[in-house]
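Only one structure is covered here, and it is reproduced in the block below.
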Amino acid sequence: MKTRDIPKAMRRWVLMECGHVCAVCGSEAGVEIHHLEPFAKVNRHDFNNLIALCPNCHHRADRGDIDRLALL
């Protein structure tokens, strides 16, 4: 089984790509890394499947309030 922990280098690349702000709302508060396709489904960490989100947008994305196309 693969670990759910995103490798540090991958996290840095995603954060650098988004300028260390939420890709949806632009918030700088506690930016987290979100899997566009759930990790449980793909079981890997691919750069093209990751996005930086603030905790609020991350929760909204997990609930489906922000659709995948909007995240892309």
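Every heavy atom of this structure was used, including side-chain atoms; hydrogens, water molecules and symmetry mates were not.
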_Phe39 and His45 aromatic ring geometry - parallel, tilted or perpendicular at 30°/60° bounds_ = parallel
*Answer with yes or no whether the hydrophobic clustering places Val24 together with Leu72; edges join I, L, V, M, F, W, Y residues whose side-chain heavy atoms lie under 4.5 Å apart.*
yes
*Can you tell me how far the NE2 atom of His35 sits from the CD1 atom of Ile6, to the nearest 0.5 Å?*
4.5 Å
*Can you find a pair of side-chain heavy atoms, one from Asp62 and one from His34, that are under 4.5 Å apart?*
yes
_Non-neighbouring partners of Ala70 that pass side-chain contact (heavy atoms from CB on, under 4.5 Å), sequence neighbours left out_ = Ile66, Asp67
*Shortest non-hydrogen contact from Pro55 to Gly30?*
CD-O, 3.3 Å
*Say you draw a straight line from CG of Asp5 to CE of Met10; how long is it, rounded to the nearest 0.5 Å?*
13.0 Å
_Going by the rule side chain to side chain donor-acceptor pair (under 3.5 Å), which residues pair with Asn56 if we only count those two or more places apart in sequence or in a different chain?_
none
*Taking all non-hydrogen atoms of both residues into account, name the closest pair between Cys22 and Val31 and its distance.*
N-CG2, 3.9 Å
_Minimum heavy-atom distance Val21-Gly26, with the two atoms named_ = CB-O, 3.6 Å
*asked:* With rounding to the nearest 0.5 angstrom, report the CD to CG distance, Glu37 to Asp46.
replied: 11.0 Å
_Within one Ile-Leu-Val-Met-Phe-Trp-Tyr cluster: Leu69 and Val42, side-chain cutoff 4.5 Å_ = no
_Trace of the side-chain contact (heavy atoms from CB on, under 4.5 Å) decision for Asn48 with Leu36_ = CA-CA 9 Å; Asn48 292 329; Leu36 297 168; over 6 Å; no
*Of all heavy-atom pairs between Cys25 and Cys54, which one has the smallest distance, and what is that distance?*
SG-SG, 3.7 Å
*Could you tell me the separation between the CG atom of Leu15 and the CD1 atom of Ile51, rounded to the nearest 0.5 Å?*
11.5 Å
*Distance from Leu50 atom CG to Arg11 atom CZ, nearest 0.5 Å?*
9.5 Å
_Nearest heavy-atom neighbours spanning Val14 and Ala52_ = CG1-N, 3.8 Å
